[in-house]
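For reference, the structure discussed in these notes is given below.
No experiment lies behind these values; they were computed from the predicted model shown. In the text below, chain A, chain B and the rest are named by the order of the sequence lines, each starting its count at 1. Any value given below was found using the heavy atoms of this structure, including those in side chains, with hydrogens, waters and symmetry copies removed.
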Amino acid sequence: MNDTSTAAPRQEPAAPDSGPRYDFAAAEPRWQAAWDERGCFRVADVPADGKPKYYVLEMFPYPSGKIHMGHVRNYTLGDVVARYKRARGFSVMHPMGWDAFGLPAENAARERGVHPAKWTYENIANMRAELKRMGLSLEWEREFATCQPEYYRHQQKLFLDFLKAGLVERKESWVNWDPIDGTVLANEQVIDGRGWRSGALVEKKLLSQWFLSITKYAPDLLEALDSLDRWPERVRLMQANWIGRSEGARLTFSLADSQETVEVYTTRPDTLYGMSFLAIAPEHPLAAAVASRNPDAEAFVADCRRRGTSEAVIETGEKLGFDTGLRVKHPFIEGATYPVWIANFVLMEYGTGAIFGCPGHDQRDMDFARKYGLSVTPVVLPPGADAASFTLGKEAYVGPGTIINSGFMNGLDVDAAKRAAIGKLEQLGIGQGVTNWRLRDWGVSRQRYWGCPIPVIHCKSCGVVPVPDDQLPVRLPDDVTFDKPGNPLDHHPTWKHVDCPTCGKPARRETDTFDTFVDSSWYFARYCSPHAGVPLVRDAVDHWMPVDQYIGGIEHAILHLLYSRFFTRAMKDTGHVSVEEPFAGLFTQGMVNHESYRTEDGHWLYPDEVEKRPDGTAVRRGTDQPVVVGRVEAMSKSKRNTIDPGAIIARYGADTARWFILSDNPPERDMEWTESGAAGAFRFTQRVFRLAEALDGLPAETRPDSFGAAGRTLRRATHRCIAAVTEALDSFAFNVAVARLYELANAITEAERAAAEPGLNWARREAVEMLARLGSPMMPHLAEDVYARLYPVADKLVAQLPWPEADPALLVAESVTIAVQVMGKLRGTVEVAPNAAAEVVFAAAEADANVAKALEGKRIVKRVHVPNRIVNYVLAG
RNA sequence: GCGAGAGUGGCGGAACGGUAGACGCAGUCGACUCAAAAUCGACCGCCUUCGGGCAUGGGGGUUCGAAUCCCCCCUCUCGCACCA
């Protein structure tokens with residue numbers, strides 16, 4: 001980007017216009033203070049109120065400094081659930097905090113010389129103020145930031161407990177090295193061969209690292225997915241694929257001219273007779289051994305490491321190999337030997353890092369064999385194919401069939417042959433059937449300053465020594481410098497030099513810190529007892545966990561959610577919690593998108609710089625310079641199609657922002673933020689206020705015994721709305737709830753126009769009250785304002801009221817409209833009493849001129865009657 | 001390539017197998033106004049000889065009746081992708 005033009009001053013369009021109206025700017029802070037004073041959203045760690053509990057949680061934010069529309073959507077969704085459940089009689093915990101460790105703070109330190117802690121806490125202060133302006137029903141008393149020693153000391157304690165329980169390992173391993181960030185990445189953090197944050201091409205490097213043994217829980221993490229019935233199916237699927245269970249066999253090949261062996265994992269032991277080579281990963285120990293005595297092999301291995309995951313290789317899928325000259329013996333065929341290749345497509349991390357190649361029935365092996373002229377023997381005959389003439393070209397055959405050319409397995413089908421091959425391997429003592437997992441242990445070491453220190457000490461005499469409990473927390477030193485690359489903790493003059501807790505001799509602190517995903521793998525449990533002197537208070541976590549409704553972005557479908565599921569199990573096994581699954585319900589929201597704009601010479605423009613003309617064209621505000629309206633896409637700084645929630649709230653108020661973001665579309669889909677939509681939402685808040693204001697001059701009435709026609713119509717609309725909004729909120733259909741409230745507002749407007757009749761004003765007051773209360777989860781401030789206007793001396797706030805209940809008597813219509821079909825085509829409608837008898841409805845239908853005409857001269861074969869819905873005449877011919 | 005999901009007016013979207021298009025946005029016309037904004041009212045899928053006909057990506061099927069259930073195809077979105 002070399003955009004040198006300075007952006008035009010962010011000119012705020014004039015606020016929507018005057019007249020007597022709802023003053024949100026005064027009302028919103030007032031109601032926020034009222035909720036606060038009354039402690040409406042506070043709950044005890046271990047409540048004694050006897051209410052059922054409900055734990056609502058949105059994914060906590062990284063404190064970047066400003067909230068964005070994604071946050072607004074996320075926290076609004078959670079707040080609707082929290083407020084609704086509270087009204088439904090639940091004791092609701094709805095906390096907020098900060099995922100406060102991480103790289104941007106260090107980048108700020110490097111770029112601007114500000115200390116990561118200062119930067120982070122200032123950002124938190126900003127974002128907290130912005131979130132408070134949204135009027136969220138959060139319990140701020142539970143707030144914490146993961147960068148506080150009061151938080152991370154307990155994380156260190158949990159780690160040490162895991163260490164004791166055998167859930168932590170220190171391993172020398174090939175890691176993904178991000179050369180820009182200068183750190184190690186987990187496999188999950190490598191996307192298309194690039195670092196998930198820096199975008200740098202990832203290299204392979206051998207390092208000693210701390211690992212959490214997530215693989216020990218692989219079977220359980222997979223099986224328990226079935227129990228997560230309130231999770232989106234696709235998230236469960238993504239996790240299942242990630243865990244990646246497969247059934248196969250492990251077998252040992254012996255080298256032809258030495259005592260050495262190579263272990264191989266395969267899912268196709270049935271195709272062993274189709275073997276034509278053995279291939280090992282470039283990182284395989286045998287490859288290293290060959291390389292040590294063969295410069296060409298060494299060059300090949302080095303080349304693979306360098307290009308490893310480079311784009312060219314991934315995109316072309318080009319398979320490269322090096323023939324080691326070694327040969328292995330076939331496990332079943334006496335005297336047969338096959339070449340051993342080093343191949344770039346064999347992954348050291350999966351299985352054993354070595355495969356046997358059967359080109360006939362594996363496409364990768366086929367590609368490799370054709371490239372290097374290796375033999376191809378078909379051993380599975382497709383159904384209906386002729387054994388004598390069946391040949392393979394460039395396509396491997398991977399379907400079912402009958403085994404051929406395979407000694408004792410001939411004639412078996414694929415599944416039977418797999419069992420037979422495994423039986424034979426076991427009998428020979430050179431292999432067995434195994435279950436293999438794609439999931440690998442979670443490397444948590446990061447070479448960074450702004451993270452939770454890993455609480456161990458390295459001693460030359462005692463080895464790895466855990467920091468004793470009474471020396472926790474291991475605090476980050478404040479006096480660090482960022483003037484050279486690498487880890488500031490490592491450069492610190494004194495911090496790492498400590499005495500060994502066991503033998504007292506000089507020793508060295510671990511200078512790596514935890515992956516920040518560790519911080520977010522248990523914060524949800526810490527909220528239950530956020531100020532306790534132990535990581536988790538059993539009574540509190542056992543009461544509140546699991547989270548009943550977790551809400552966040554789909555981008556965390558694998559990493560954060562899988563780590564949290566693992567961590568919860570590990571915490572259970574170390575006696576900290578009773579549950580295994582942290583999140584009983586999960587909802588993944590869509591993104592907030594916006595149109596993008598550029599000038600004709602290609603400069604991106606902010607939405608505020610663009611003016612839409614009535615003729616549909618767009619120009620740069622205050623000029624005639626045409627603007628190209630681009631795609632609706634994810635808001636991003638580089639495309640300048642961002643909308644600042646702070647500006648929206650200042651201009652329209654929090655209720656408007658909340659209302660629009662809920663009304664646009666179903667919450668799981670991507671939405672488009674539009675200026676006209678936001679303005680429409682603002683108009684509605686004003687309209688609700690006017691509907692309430694219109695009652696001011698009317699005398700208050702006691703509830704009458706009977707109502708006139710207009711009153712009855714309005715009351716039925718009100719109570720239908722109660723039922724419909726309740727149902728919509730229960731099913732996360734917030735856009736439908738919004739639509740139902742618009743309908744109620746329309747019904748009230750209609751009643752305003754009706755001629756005066758006894759009881760009508762009472763019905764109007766009821767309707768306006770319900771409009772406010774049913775809308776309160778979405779626009780809580782306005783709801784309080786309207787309610788206070790209706791009941792100036794009320795002792796409760798809307799936030800403290802129970803959810804309204806519909807009067808069942810009013811859900812039944814006075815008459816129903818029945819559609820009349822003839823041969824499935826609509827020919828008219830008739831009005832009848834509810835639950836009218838079939839004959840009554842048929843008589844009314846046949847009296848309709850249009851229907852009679854359609855029936856004229858035809859023989860009626862069948863008459864269908866669905867009560868209160870429809871009738872259908874089936875005619876002959 | 002594998003897996004999952006989605007295709008409904010100008011747009012976002014509603015719709016227990018039962019009057020398709022609720023509600024909103026945009027738009028058109030009108031009232032109010034000196035004028036505008038705001039507000040209020042009416043209209044707003046396509047075609048029509050004004051009877052009606054056609055319409056939920058396309059084609060079949062089940063059914064008295066299909067946006068909804070089944071089969072085939074097309075398109076789009078997302079996820080995974082040398083996992084042996």
Side-chain angles (χ1 to χ4, degrees), chain A residues 14 16-21 191-192 232-238 240-242 244 246 248 264-268 271 279 313-314 317-319 343-347 349-358 361-365 367-368 436-440 554-555 557-558 590 612 614 616 632 660 663-666 668-672 674-681 683-684 686-687 690 724 728 733 735-743 745-746 749 752-753 817-829 850 853 861-875:
Chain A
D17 230 321
S18 53
R21 55 200 268 267
I191 295 152
D192 288 342
E233 179 59 31
R234 63 179 181 140
V235 173
R236 290 190 283 168
L237 234 135
M238 278 190 239
N241 290 339
W242 191 265
S246 78
V264 153
Y265 172 74
T266 180
T267 56
R268 295 298 302 271
T271 63
V313 173
I314 285 175
E318 189 188 3
K319 293 184 174 48
N344 69 338
F345 69 94
V346 180
L347 306 176
E349 307 84 43
Y350 187 78
T352 62
I355 61 154
F356 82 86
C358 174
H361 306 287
D362 183 288
Q363 193 56 48
R364 294 156 302 185
D365 297 347
D367 295 343
F368 193 73
N436 198 49
W437 304 85
R438 199 188 93 112
L439 184 69
R440 276 157 258 158
I554 186 74
E555 67 273 19
I558 296 173
K612 298 267 181 87
V632 173
F660 174 58
S663 68
D664 189 59
N665 67 352
E668 68 275 13
R669 296 196 205 165
D670 288 355
M671 70 167 290
E672 184 192 359
T674 60
E675 278 60 33
S676 57
R683 281 200 302 272
F684 184 68
Q686 296 296 331
R687 185 173 165 212
R690 279 197 311 276
N735 58 321
V736 178
V738 165
R740 298 295 166 248
L741 289 168
Y742 272 107
E743 285 175 345
N746 291 344
T749 300
E752 283 180 348
R753 289 202 299 269
T817 308
I818 306 267
V820 182
Q821 293 184 343
V822 177
M823 293 298 280
K825 293 227 184 260
L826 185 71
R827 294 300 171 198
T829 59
N850 211 24
K853 194 176 145 199
V861 175
K862 185 176 173 184
R863 300 189 303 183
V864 180
H865 172 238
V866 180
N868 300 324
R869 291 263 176 208
I870 203 166
V871 292
N872 190 12
Y873 291 86
V874 186
L875 307 179

Which part of the nucleic acid, if any, lies within reach of A:Asn868 when heavy atoms closer than 4.0 Å are counted: base, sugar-phosphate only, or nothing?
nothing
Counterpart residues, side-chain contact (heavy atoms from CB on, under 4.5 Å), relative to A:Val871 (two or more places apart)
A:Ile818, A:Val820, A:Val841, A:Phe842, A:Ala845, A:His865, A:Tyr873
List for me each residue that meets salt bridge (Lys or Arg N to Asp or Glu O under 4.0 Å) alongside A:Arg869, sequence neighbours excluded, and say none if there are none.
none
For A:Pro666, all residues meeting side-chain contact (heavy atoms from CB on, under 4.5 Å), sequence neighbours excluded:
A:Glu668, A:Arg669, A:Asn735
Heavy atoms under 4.0 Å is the rule here; annotate nucleotides 3-22 of chain B 5' to 3' with B where the base is hit, S where only the sugar-phosphate is, and - elsewhere.
SS-------SSS-B-BB--B
Return the set of residues passing side-chain contact (heavy atoms from CB on, under 4.5 Å) with A:Ile554 (not counting sequence neighbours), or none when no residue passes.
A:Arg234, A:Val235, A:Met238, A:Ala557, A:Thr588
For A:Ser663, check side-chain contact (heavy atoms from CB on, under 4.5 Å) against everything at least two apart and list the hits.
A:Phe660, A:Val738
With sequence neighbours left out, what residues match A:Arg438 under salt bridge (Lys or Arg N to Asp or Glu O under 4.0 Å)?
none
With sequence neighbours left out, what residues match A:Asn665 under side-chain hydrogen bond (donor to acceptor under 3.5 Å, both in side chains)?
A:Arg73
Not counting sequence neighbours, which residues clear salt bridge (Lys or Arg N to Asp or Glu O under 4.0 Å) with A:Glu675? List them please.
none
Residues in salt bridge (Lys or Arg N to Asp or Glu O under 4.0 Å) contact with A:Asp362, at least two apart in sequence or another chain
A:Arg364
Show each protein N/O and nucleotides 40-46 of chain B N/O combination with a separation under 3.5 Å, one pair to a line.
unit_1, atom_1, unit_2, atom_2, d
B:rG41, OP1, A:Arg753, NH1, 2.0

Intra- and inter-strand pairing of RNA chain B, written as dot-bracket with Watson-Crick and G-U pairs under 3.5 Å and | for the latter, reads (((((((..(((.....[....))).(((((.......))))).(((....)))..(((((..]....))))))))))))....
